[in-house]
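Structure first, commentary second.
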Amino acid sequence: MGKLSVSAALVCLALFSGANAEEKLSMSDADKAMYAEMLENNPADMDVAEGEQLFGNMTSLEAYSKMLGVKEKDLAGYIAGFPRYVDGAKKVITLSQSIQMAAADAGKTVPKLESKEMLKMTAYVKSLANGLKTNIDVKANKQMKEMMALGQEVFETRRGGRGLSCNSCHSPDIIGQRLRMQPLPDLGVNKAAGTWPAYRMTKSETTALDKRFQQCMDNALLAKIPLGSKEMVALEVYVTNKTKGNEIQIPGLKR
Ligand code: HEC
C-alpha cells in the first residue's frame, strides 16, 4: 500500500508544476547557510514578543491559570499537554482555543483562530513551555480517547481527486522516500508537535500547526478542514500524540 500511495503522490505532484516548484526542492547549500543563520536569529522571535504584549493587554497569566484550574507554577507543564480536555469548555480544545476562552473570560473581543494576533499569542503562550517535552495524554478521559480515534480516521482517510490521505505521505513505511526532490518528513523526527508555531522560510511567515496541516491539504488537493472544527482538533490530537515526548522549542524554524 505504501508503494502504491507514493506513486499516486508522485503523479499528483508531477501535475502541479511551476507555482511552488521551489517548495518541492530540498535545501540548496545557500538555503542551508540561510537556515543556520536564521536559527541564530529566527524572524518569528518577534512574533513571540508581540504575542506576549497582546496577551498582556488582554489578560494575565494568573487569570489564565485560574480559568484553566491550574496553579500558575504548573502552567508550563499544563500547556505542554494541549490539545486537552478542559472543564470550562466541556470538550477537547487546542491551545489557541484556550486563549479564546481567556479573552471571553476577561470580557475582551475574542480573537479569530485565523488572525495574526492569535498566531502570535499562541506562539507566546506555547513558548512558556519551552524545554519541556510534549505530554499529551490521549487516554486521560473518554473525550480524549474519542478525539484520538477520530484524528486517526481523518489522518488515514483518502480524499480529494487524487485519493490521498495524510498517511499516504507520512506513514512510517514511506518516510524518507522522496516526492520529486522533497524528502517526505517523519513528523516525529521533525518534532512536529513541539515546534509549531514556526517560521517557514519558503513562505517567509510564521505558521501554526493547524495551518500547516491546511497547507498540506492544499498541496495534496484535499478539501481544507476548517480551523477549530472537531475534525481539525482531532487531527492535531493524533499528530501531537504521534510525536509525543519531543522537546518544545518555540518558535520553530522550517524549510
Ligand atoms: C502529497 C504528500 C503529502 C500529503 C498527502 C500530506 N503531506 Fe504533510 N508534508 C509533505 C511534505 C513533502 C512535507 C515537508 C515539506 C517541507 O519540508 O517543507 C510535509 C510536512 C508536513 C508537516 C510539517 C512537519 C514538520 O514539523 O516539519 C506536517 C505537520 C504535515 N505535513 C502534516 C500533514 C497532514 C496532517 C496531512 C493530511 C491532512 C498531510 N501532511 C498530508 C507531504 C504531504
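Whatever order the structure lists them in is the order used to number ligands and atoms, beginning at 1.
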With a 4.5 Å limit on heavy-atom distance, are the side chains of [X] and [Y] in contact?
{"X": "Val86", "Y": "Ser98", "value": "no"}
{"X": "Met144", "Y": "Val92", "value": "yes"}
{"X": "Thr202", "Y": "Lys254", "value": "no"}

For ligand 1, which atoms sit closer than 4.0 Å to a heavy atom of [X]?
{"X": "Ser165", "value": "5 (C)"}
{"X": "Leu187", "value": "22 (C), 24 (C), 28 (C), 29 (C), 30 (C)"}
{"X": "Met217", "value": "38 (C)"}
{"X": "Ala192", "value": "26 (O)"}
{"X": "Lys254", "value": "25 (C), 26 (O), 27 (O)"}

*Would Leu132 and Leu68 show up in the same hydrophobic cluster when neighbours are defined by side-chain heavy atoms closer than 4.5 Å?*
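No, Leu132 and Leu68 fall in different hydrophobic clusters.
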*Counting N and O atoms only, with roles assigned by atom type, does the side chain of Gln100 sit under 3.5 Å from a partner on the main chain of Lys112, one being a donor and the other an acceptor?*
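Between the backbone of Lys112 and the side chain of Gln100 there is no qualifying donor-acceptor contact (under 3.5 Å).
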*Is any N or O atom of Lys191, backbone or side chain, closer than 3.5 Å to an N or O atom of ligand 1?*
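Not met; the criterion fails.
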Can you check which of [options] brings a heavy atom nearest to [atom]?
{"atom": "atom 15 (C) of ligand 1", "options": "Arg212, Gln214, Gln215, Lys224", "answer": "Arg212"}
{"atom": "atom 9 (N) of ligand 1", "options": "His170, Arg158, Arg159", "answer": "His170"}
{"atom": "atom 43 (C) of ligand 1", "options": "Gly252, Cys169, Gly194", "answer": "Cys169"}

Report the part of [X] in contact with ligand 1, treating N, CA, C, O as backbone and CB onward as side chain, heavy atoms under 4.0 Å; options are side chain, backbone, both, neither.
{"X": "Asn219", "value": "neither"}
{"X": "Cys166", "value": "both"}
{"X": "Ala220", "value": "side chain"}
{"X": "Arg200", "value": "side chain"}

*So, for Asp47 and Lys120, which heavy atoms are closest and what is the spacing to 0.1 Å?*
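Closest heavy-atom pair between Asp47 and Lys120: OD1-CE, 3.3 Å.
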*Might you point out which heavy atoms bring Leu253 and Ala198 nearest each other, and give the distance in Å?*
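Scanning both residues completely, I find the closest heavy atoms to be N-CB, 4.1 Å.
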*Basic-acidic side-chain contact under 4.0 Å: Lys224, Asp218*: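 A salt bridge links Lys224 with Asp218.
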*Answer with yes or no whether Ala198 contacts ligand 1, where contact means a heavy atom under 4.0 Å from a ligand atom.*
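No.
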*Hey, what's the ring geometry for Tyr124 with Phe55, parallel, tilted or perpendicular (30° and 60° as the breaks)?*
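The arrangement is tilted - the two ring planes meet at 30° to 60°.
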